There are 2 protein chains.
Amino acid sequence: MHHASNLPVVQIVHRPGVLDLGWGHPDPAVLPVTVLQRATATVLARYGADALAYGAERGPGPLIEWLCTRLMDTDARAPEPADVVITAGASQALDLLCSLCTTPGDPVLVESPTYHLAVRILRDHPLDLIAVPSDADGIDVAALEALLARMARRGKRARMLYFIPTHHNPTGVCMSLERRKALAALAAQYGVLLVEDDVYRELSYDAPAPPSVWSLAPPGTVARIGSFSKSLAPGLRLGYLTADASLTRRLIGSGLLDSGGGLNPFVALTVAEVCTSGDFDRTVAYLHATYRERRDALADGLRDYLPPGCRFTVPGGGFFQWVELPAEIDAGALLSCAEKTGVSYLPGSRFYLDAPRHNTLRLAFSLYPPHQLVEAARRLGEAITTGA
Amino acid sequence: MHHASNLPVVQIVHRPGVLDLGWGHPDPAVLPVTVLQRATATVLARYGADALAYGAERGPGPLIEWLCTRLMDTDARAPEPADVVITAGASQALDLLCSLCTTPGDPVLVESPTYHLAVRILRDHPLDLIAVPSDADGIDVAALEALLARMARRGKRARMLYFIPTHHNPTGVCMSLERRKALAALAAQYGVLLVEDDVYRELSYDAPAPPSVWSLAPPGTVARIGSFSKSLAPGLRLGYLTADASLTRRLIGSGLLDSGGGLNPFVALTVAEVCTSGDFDRTVAYLHATYRERRDALADGLRDYLPPGCRFTVPGGGFFQWVELPAEIDAGALLSCAEKTGVSYLPGSRFYLDAPRHNTLRLAFSLYPPHQLVEAARRLGEAITTGA
């Protein structure tokens with residue numbers, strides 16, 4: 001590895017001696033370098049200058065067509081090409097929806113706990129965020145219905161609802177099918193745009209991922225956000241969105257997409273080659289095997305080493321293991337002791353909009369091989385026992 | 001060329017028989033395919049997984065350091081690394097500034113005429129746009145001063161001013177040095193953030209580009225937006241921003257940059273390799289020679305074929321030749337006749353915020369080789385003579 005500069009290339013910062021399960025990043029060892037070498041060379045040879053020109057606003061045809069076919073297999077409904085927009089990552093899709101579909105101060109509902117950086121994107125716009133409670137089956141739809149009715153009586157309408165129904169970050173929960181259907185109906189009734197963060201669909205380890213809420217909902221109710229960051233590589237900055245054609249038309253007619261000629265056309269064409277060549281399937285199969293083993297190793301370690309009173313449910317996919325400590329332990333207060341013991345994590349309180357449960361924490365099992373995850377669990381158990 | 005799909009890959013739409021000088025796109029023949037083949041292969045071999053990981057929020061060190069050195073040569077002031085943010089194109093830099101530095105309804109000043117798609121980005125946010133007049137030396141700073149004073153008396157403050165001082169799109173004008181200095185002082189006095197669209201700096205054909213307003217202004221007055229779309233390839237979606245460190249901190253601390261791990265890290269590292277290998281210099285030298293010849297061929301054709309009463313000034317850089325027709329001719333009304341004659345352009349009225357001058361039009365000399373530009377000029381002359 002050669003870095004021409006003292007400024008960093010990558011985002012992650014390694015701390016010697018600390019197994020840092022706070023980073024929700026893939027292990028560099030699993031990133032498909034050879035696959036990308038092949039795809040970039042093929043795309044530049046096949047498309048020549050077309051790979052470097054201003055791209056179609058919606059994204060390149062080959063990737064859109066592949067996605068439509070792929071979602072026929074991995075979801076309960078396939079989009080039409082007119083329902084798809086290729087984006088420079090899931091975060092940008094969310095940012096774009098905020099810019100084009102909301103006005104600062106709009107009430108926006110957010111499942112809580114949730115992905116903390118999505119909250120920061122929403123706040124950057126800045127929206128008036130309202131927490132929606134969730135439990136082991138996902139969003140509490142009855143509580144949401146009561147909230148929407150209360151808002152309606154005060155003449156207020158929520159503009160959007162941001163949520164992660166599949167292999168949730170941070171909790172790992174999959175929303176039940178019944179709740180998915182009830183949520184779709186409720187959103188349609190109240191005119192709330194559901195923004196479904198669906199970035200872990202390809203990383204479902206035990207069974208196919210459940211149908212997206214987008215696939216179950218009446219047209220125009222849901223904008224579903226997907227990503228290649230988890231299934232290929234985050235540095236590519238590539239994602240997509242499926243939504244009603246009227247919404248995708250609004251996006252591709254925006255100044256940003258028209259002026260830029262799409263959001264990341266060279267990378268999108270490269271990823272299309274990865275996908276249509278079969279390399280995507282092979283990469284995802286490898287990631288399934290790798291991450292399943294890591295998830296299980298971490299769960300085994302937690303079972304062996306966490307003291308009584310700790311609870312966790314092993315997730316069916318994604319990157320994250322959510323842990324509940326005994327009620328009297330504050331995971332934020334425990335952190336410095338844990339880091340002295342050589343393990344780190346994100347305190348769960350960071351993921352709540354309000355009423356944080358201070359005895360929770362998030363562990364990512366994506367970054368380390370199995371034996372280090374077991375050691376991380378051991379150190380965490382030691383920190384809880386000695387530090388609490 | 002093989003397209004796996006019927007959906008388009010590129011943005012441009014070709015119309016048989018029409019020389020379409022409306023597109024401000026590079027000729028596919030000049031896009032550096034071989035350079036990108038070399039750079040992608042080198043970057044993946046050298047950095048391996050680091051090229052595919054979540055990137056540093058500000059952008060990769062090697063590109064930032066190269067930019068600091070480059071601007072020492074091509075501008076009157078070199079930024080510090082803390083003054084730079086790498087973006088996914090100039091359009092995204094503008095979009096991000098709108099999201100993070102404005103609130104919908106804020107008064108924002110826009111030089112008129114200006115790049116029409118920048119206006120669409122500003123309107124998407126949506127801001128209250130106020131036109132600032134310009135002439136052959138750029139923004140009319142005296143008129144701007146009167147406008148700012150008038151606004152101040154009504155208790156209003158402009159949040160930003162968007163302008164293109166160097167090889168303007170669409171007019172080709174370079175703002176005079178005196179006006180640059182006066183504008184910087186005025187903006188500092190009134191607390192207006194100058195958003196300097198500087199995407200044509202590398203495409204200066206007769207002399208070095210003038211100092212950016214960013215280089216002349218007191219700290220914190222200007223955010224300057226640069227791009228690799230014109231100097232390398234638009235499909236890469238790579239640009240940058242130089243601004244005060246306090247503003248770049250705000251940008252890199254945003255949810256979008258933190259969640260995404262920078263805005264386009266794999267491409268940014270690839271472009272860093274293009275730049276540090278010397279390929280960037282060679283590409284830009286080739287583009288200078290190519291575009292200078294095209295600019296001159298179009299100007300020669302216009303001199304030969306435009307009827308009396310047409311006026312134009314040959315620009316010193318960029319992609320665009322602005323033409324004034326006799327006052328009684330409406331370039332919008334003339335367009336269908338011109339297209340029947342086999343030439344197209346963008347009517348100048350599209351670039352004005354208010355009080356459009358209907359007898360103006362924009363021709364791009366970037367897309368066609370010299371002999372076709374001469375033929376386009378001939379057809380334009382014929383259309384004006386027969387159609388008006």
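Below, chain A is the first sequence line, B the second, and so on; all start at residue 1. As the structure is a prediction and not an experimental result, all values here were calculated from the model.
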Begin from the C-alpha positions of Tyr54(B) and Val10(A) and carry the test side chain to side chain contact (heavy atoms under 4.5 Å, CB included) through to its verdict. CA-CA 6 Å; Tyr54(B) 285 105; Val10(A) 297; over 6 Å; no
Hey, which of Leu44(A), Leu36(A), Thr102(A), Leu94(A) has the most heavy atom pairs under 4.5 Å with chain B? Leu44(A)
For Asn6(A) and Glu65(B), test the side chains for any donor-to-acceptor distance below 3.5 angstrom and give the result as yes or no. no
Applying salt bridge (charged side-chain N to carboxylate O under 4.0 Å, His left out), name anything that partners Arg350(B), two or more places apart in sequence or on another chain. none
Proximity breakdown for Glu57(A) and chain B, heavy-atom pairs closer than 4.5 Å: side chain
Structural part of Asp95(B) lying under 4.5 Å from a heavy atom of chain A: side chain
Tabulate below the donor-acceptor pairs under 3.5 Å that side-chain atoms of residues 233-240 of chain B make, not counting sequence neighbours, or state none.
| unit_1 | atom_1 | unit_2 | atom_2 | d |
| --- | --- | --- | --- | --- |
| Arg237(B) | NE | Gly260(A) | O | 3.0 |
| Arg237(B) | NE | Pro234(B) | O | 3.1 |
| Arg237(B) | NH2 | Gly260(A) | O | 3.4 |
| Arg237(B) | NH2 | Ser229(B) | OG | 3.0 |
| Arg237(B) | NH2 | Pro234(B) | O | 3.3 |

Which portion of Leu63(A) sits near chain B, non-hydrogen atoms under 4.5 angstrom: neither
Residue Leu122(B) versus chain A: region with a heavy atom under 4.5 Å: neither
What distance do Cys68(A) atom SG and Leu7(B) atom CG have between them, rounded to the nearest 0.5 Å? 8.0 Å
Heavy atoms under 4.5 Å from chain A: which residues of residues 80-90 of chain B carry them? Pro81(B)
Heavy-atom pairs under 4.5 Å with chain A, option from Gly55(B), Pro26(B), Ala41(B) with the top count: Gly55(B)
Please identify, among Ala53(A), Gly24(A), Gly261(A), the residue contributing the most non-hydrogen atom pairs under 4.5 Å to chain B. Ala53(A)
Bottom line for Leu269(A): the part with an atom under 4.5 Å from chain B's heavy atoms is side chain
If you count heavy-atom pairs under 4.5 Å with chain A, which of Pro265(B), Gly48(B), Ser227(B), Ser259(B) comes out on top? Ser259(B)
With only heavy atoms counted, which part of Arg250(A) is less than 4.5 Å from chain B, the side chain, the backbone, both or neither? side chain
Can you tell which of Ala45(B), Ala49(B), Ala56(B) has the highest number of heavy-atom pairs within less than 4.5 Å of chain A? Ala56(B)
Given side chains that start at C-beta, do those of Asn264(B) and Phe266(A) come closer than 4.5 Å, heavy atoms only? no
When you measure from the side chain of Asp124(A) to the backbone N and O of Gly255(B), does any donor-acceptor pair fall under 3.5 Å? yes
By ring-ring contact (aromatic ring centres under 6.0 Å, His included), Tyr291(A) pairs with (sequence neighbours left out) Phe319(A)
Separation between OG of Ser254(A) and CZ of Arg123(B), rounded to the nearest 0.5 Å: 15.0 Å
Check: Asp258(B) and Gln11(A) side chains under 4.5 Å, non-hydrogen atoms: yes
Tell me, out of Gly253(A), Gly105(A), Pro126(A), Ala272(A), who's got the most heavy-atom pairs with chain B below 4.5 Å. Gly253(A)
Max heavy-atom pairs within cutoff under 4.5 Å with chain A, candidates Val33(B), Ile121(B), Leu96(B), Leu52(B), goes to Leu52(B)
